[in-house]
Each structure stands twice: as structure tokens, then as C-alpha cells.
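Working notes, structure below.
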Number of protein chains: 2
Amino acid sequence: MAEGPRRRGPERAFTDEQIVGVALDLLDEHGPDALSVRRIAAKMGLAPNAIYTYFPDKQAILRAVVDRIVGERDTQILNDTDAPWRERIVRVSLDIRTRLLAHPGSALLFMSAPIDGPNSLALGEGLLGALAEAGLDAADAARASYAVIVYVLGSVALEASELDPTVPLPAEADRIAERRGAFAAVPAEWFPRTAAVTDVMAAYIGTEQFTWGLERLLDGFAARGR
Amino acid sequence: MAEGPRRRGPERAFTDEQIVGVALDLLDEHGPDALSVRRIAAKMGLAPNAIYTYFPDKQAILRAVVDRIVGERDTQILNDTDAPWRERIVRVSLDIRTRLLAHPGSALLFMSAPIDGPNSLALGEGLLGALAEAGLDAADAARASYAVIVYVLGSVALEASELDPTVPLPAEADRIAERRGAFAAVPAEWFPRTAAVTDVMAAYIGTEQFTWGLERLLDGFAARGR
DNA sequence: ACCTGAACACCGTTCAAGT
DNA sequence: ACCTGAACACCGTTCAAGT
């Protein structure tokens, strides 16, 4: 997108990237409600409408924030062909989960718009490569890669829905302990099977649950590829 | 929660359920942005703050809307023990998917708060029953039931993110055709594997993709149970 | 081209007052 | 107890004007 040298009026005071950075700071420090055009502008010492010089509307800012977070991913994991395909997919999934949970306020942003930025396409491309090694044909590998993305994003969104977005992520053990207390109230006479497994349900938010479900999905891929 | 017979002042003009109904109508007709306390009140001929006689805050209204939609589910499917467990889970998942997609504006609501209403607990209970038949022990069945919920809600949320929430759901074939056009633009030299499967990617939003991933997950459960 | 001041059409929520 | 009128502290976005 080469533009001619436009040299009229004052220099741009900020870059798009700086605006995205301020937006991400607001999200992490004060939660999704604080991610407003007016607060971004205020934090940068700009009039609210000056933001519209950089982005056409608020939705564009949100998409750029999503892209920024996706870009934090460790892109080496999937390409490390020394490791078997299963291990690579598990590791990249855990990596993404950790990075998204570090910005709990962002979880819904990932579900609210198509994830079709270059970073996202690169992730899909890497997944396709790993899944080809699983013995899946191209069409099945494509379906499998999307299923992995659905599972990862769905897990994170549900997990983040119980988090305070304005506070650093508590230790997993503490989060599980808190849920254990809440689940103690399930009435065993109405939901007997549920009441019998409240300990496991308390751990739904944990790494172990996340990995367990992902492994079952990968088992299914492996069986299909054989 | 039995309350004493309070008989002072005028009768309640509406019920909680009527308010939830109006909220759902606004959501379906004008999208999530129209789901505001003030618009609900206006549509009922009330002053905006009168709503706070029925619900403590907007979040409570949103939770009630979610509960209403979950309640639309066909509760017989999971209990029909004539059918094998796999078929029951696939059928209930497709049923839920269809009902949620009928309210595209609601998709994010399901990811934005813990789904712990009685209807949701009943769903979990039914899943646990079906998964016990898969040969999973109680702890694994609990993990599996949550994985299914993650997969279903994640699929619907990602699928709904591309829908116009103010318009009835177009036919699946039309939605896939539109995506096919969009994906034609993926640069093959940068993302060769992706470009080779754009036809499948266009169908990510479809029933076939949904079922394929779910079946792989269930394959994984079955292998674990054996 | 970039930015400001002012305005428009909204929000969710609270408070005091009326019946 | 239920409801209204008025207000508070916000939104996203647009428009005309200044440099």
C-alpha cells in the first residue's frame, strides 16, 4: 500500500501501534468497559475524535487489538519439525491459551469478529502442516485445524468469563479452590451425577481439563488418519 | 423463596418473563446493540428506571435471556435411552447449535457469564448420563461433558460472528457460497496449504464441519472408554 | 493532514418524589 | 411496592473550523 509523500499540516503525533498499545493497557488494567475511544484519547492527551484520524471506527481498533495479541504467539513451536505433530499442537495450544488468559478482557473480542488477520492465517497454515503428518488428507486436515481453533478459543472464552479482567491472573490452584466452594451447593437430589463429580467440575477451568479434551480430539484425528 | 403477601401500591404491570421476551425480541430484530435497558422500557411503555424494579441490573437481564434460550432445548433427546450414546450427543449438540444460531445476537452472551442456571445443569447432567454409557469413569465423563460444551459453544460463537444478527439466518448453502468468494483472495505463495483447501474452509461454518469435529471428539471418548 | 470544540443521539444507573 | 422525572457520568460518531 505505497502512498505518495503527503507533507501538509503537522506530523502525526502517534502511530496506530501506539493507539493499540494504549487500548491494550486500558483493557488489562480496567477491563473491557474501559476500552473506549474517549478513554484512549484522554490517555494520549487527544480530543476523542482525533482517534478517527487513525482508525475508521471502534471496531477497527478492537480488531487491531486482537491481531496484536495473536502476534504475541511463539511462532516457532509449530515449525519445530523435530517434535511429533501431536506434541507440537498441544504445545502451541497451551501457548495460545496462556497468552489469551493473560488478557482476560480480550476473550470475547476473539469470538466477536472473523479471525482472518495475517497472524491468524499463519497459525492455520502451521496447523495444517502438523495435521498432514497425522495422516489426514488435505480436507480432513482443514476440518481438524478449525476444530482445534474452536476448542482453544471456546475453552479460553468460557474460562475467562469467570475472571476479573482488571486483575492479574490468580494461580490456577486458587481459582480451582474457589470454584470447589461454589460447586458444593449443587443439590444432589436433583443432579446426582453432577454432584458426584463437583471436584472435577471445579477443575474445568484448569490446564488439566484443557489438555484432556484436546488430547481426546487429537486421538480422534489420529484414529481417522490411520 | 416464599414471600409474604405484599399488597401495597399498584399491581406489577409486567412479569420478569415479559421483560425477557421483549429483550429477546429486540436482540433478534435489531441486534445486540439494541438490547438496552432504555429500549426495553420504551417498548413496554415504561420509564427506563422502572426496569430496575424487576432486575437489579442489565447483567441480570442478559443472564435471564441466556437461560430462556437454553430452556428452548429439546430435553427429551438426551434421555431417549433407546438411542446409542453417540447418537444422542450428536443430536442434542445439533439441536443446541440450531437454536443458538436462531438468535445470532446471543452467541456472545453465552461466553460472557458462567452458564450455571438450572437448565444448564440439567444439560450437563444428561451429558454425564450418556457419557457413562461410553465406558468413561465418572471423572472422565465430567471432563468429556465440558469438552462437548466448549466445542458446541465455541463453534456457534465463531459461526455467529460472521452473521448479521438483525436478519433471519440465511440458508447454509448461501452462507458457504459467500465465504467461498472471500477465501479466493488468500495468497497461495504465502499460505500454500491454506490456499489448497479454501473450499473446505468456506464450509467451516456448516453443519458438516460441526459434525466432523464433534465426531472426532467422540471417537476420542470412545477410545478412552474402551 | 491532523487536530479541536461543540454537538447529536444515545447509554446504565441513582435519587427524590408521587400513589 | 411500583413507577416517574430529572439528573449524573458516561458512550461512539459527525461536522465545521483552525493550522
Side-chain angles (χ1 to χ4, degrees), chain A residues 1-20 22-23 25-27 29-66 105 108-109 112-113 165-166, chain B residues 1-20 22-23 25-27 29-66 105 108-109 112-113 165-166:
Chain A
M1 216 57 89
E3 307 236 350
R6 37 167 176 67
R7 259 300 134 83
R8 210 91 42 76
E11 291 296 319
R12 220 145 217 257
F14 300 101
T15 64
D16 289 15
E17 283 67 32
Q18 282 176 292
I19 293 183
V20 173
V22 170
D25 287 347
L26 280 170
L27 188 67
E29 285 164 31
H30 304 285
D33 291 347
L35 183 35
S36 75
V37 174
R38 296 181 99 104
R39 286 190 68 154
I40 294 170
K43 205 166 179 185
M44 308 184 86
L46 288 172
N49 46 3
I51 301 293
Y52 292 86
T53 307
Y54 297 83
F55 292 92
D57 53 26
K58 184 183 182 180
Q59 193 57 41
I61 303 176
L62 299 185
R63 266 186 280 116
V65 169
V66 165
L108 284 189
L109 300 183
S112 51
T166 70
Chain B
M1 215 59 86
E3 307 236 351
R6 36 167 177 66
R7 260 299 133 86
R8 208 91 41 75
E11 292 296 319
R12 221 146 215 260
F14 300 102
T15 64
D16 290 14
E17 283 67 32
Q18 284 176 290
I19 293 183
V20 173
V22 171
D25 288 345
L26 281 170
L27 188 67
E29 286 165 31
H30 304 285
D33 291 347
L35 182 33
S36 76
V37 174
R38 296 182 98 106
R39 286 188 69 152
I40 295 170
K43 205 167 179 184
M44 308 183 88
L46 288 172
N49 45 2
I51 301 294
Y52 292 86
T53 308
Y54 298 82
F55 292 92
D57 53 27
K58 185 184 180 179
Q59 192 57 41
I61 303 175
L62 299 185
R63 266 186 280 117
V65 169
V66 166
L108 285 189
L109 299 182
S112 52
T166 72

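Every chain is numbered from 1, with letters handed out A, B, ... down the list of sequences.
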Where each pair must be Watson-Crick or G-U wobble with both distances under 3.5 Å, what dot-bracket representation of DNA chain D is obtained, with crossing pairs in [ ] and other-strand partners as |? ||.|||||...|||||.||
When you compare the protein's N or O atoms with those of nucleotides 10-14 of chain C, which come within less than 3.5 Å of each other, and at what distance?
{"residue": "C:dC11", "atom": "OP1", "partner": "B:S36", "partner atom": "OG", "Å": "3.2"}
{"residue": "C:dG12", "atom": "OP1", "partner": "B:V37", "partner atom": "N", "Å": "3.1"}
{"residue": "C:dG12", "atom": "OP1", "partner": "B:K58", "partner atom": "NZ", "Å": "3.0"}
{"residue": "C:dG12", "atom": "OP2", "partner": "B:V37", "partner atom": "N", "Å": "3.0"}
{"residue": "C:dG12", "atom": "OP2", "partner": "B:R38", "partner atom": "N", "Å": "3.3"}
{"residue": "C:dG12", "atom": "N7", "partner": "B:R38", "partner atom": "NH1", "Å": "2.7"}
{"residue": "C:dG12", "atom": "O6", "partner": "B:R38", "partner atom": "NH1", "Å": "2.7"}
{"residue": "C:dT13", "atom": "OP2", "partner": "B:Y52", "partner atom": "OH", "Å": "2.7"}
{"residue": "C:dT13", "atom": "OP2", "partner": "B:K58", "partner atom": "N", "Å": "3.0"}
{"residue": "C:dT13", "atom": "O5'", "partner": "B:Y52", "partner atom": "OH", "Å": "3.3"}
{"residue": "C:dT13", "atom": "O4", "partner": "B:R38", "partner atom": "NH1", "Å": "3.4"}
{"residue": "C:dT14", "atom": "O4", "partner": "B:N49", "partner atom": "ND2", "Å": "3.3"}

Atom CD1 of A:I51 to atom C1' of C:dC2: distance rounded to whole Å? 12 Å
Take atom OH of A:Y54 and atom C1' of C:dA1, then tell me their distance rounded to the nearest Å. 10 Å
State, with a plain yes or no, whether a side-chain heavy atom of [X] is found less than 4.5 Å away from one of [Y].
{"X": "A:T15", "Y": "A:Y54", "value": "no"}
{"X": "B:L62", "Y": "B:Q59", "value": "yes"}
{"X": "A:P32", "Y": "A:L27", "value": "yes"}

Would you say the side-chain atoms of A:K43 pair up with the backbone N or O of A:D25, donor to acceptor, closer than 3.5 Å? no
Please check if the side chain of A:D16 supplies one atom and the backbone of A:I19 the other of a donor-acceptor pair under 3.5 Å. no
Does the ring of A:F55 carry A:R63 above it, NZ/CZ under 6.0 angstrom from centre and within 45° of its axis? no
How far, in whole Å, is D:dC15 from C:dC3 if one measures between their C1' atoms? 14 Å
Once you round to the nearest 0.5 Å, how far does CD1 of A:I40 lie from CG of A:L46? 10.5 Å
The side chain to side chain donor-acceptor pair (under 3.5 Å) partners of A:T53 (sequence neighbours excluded) come to none
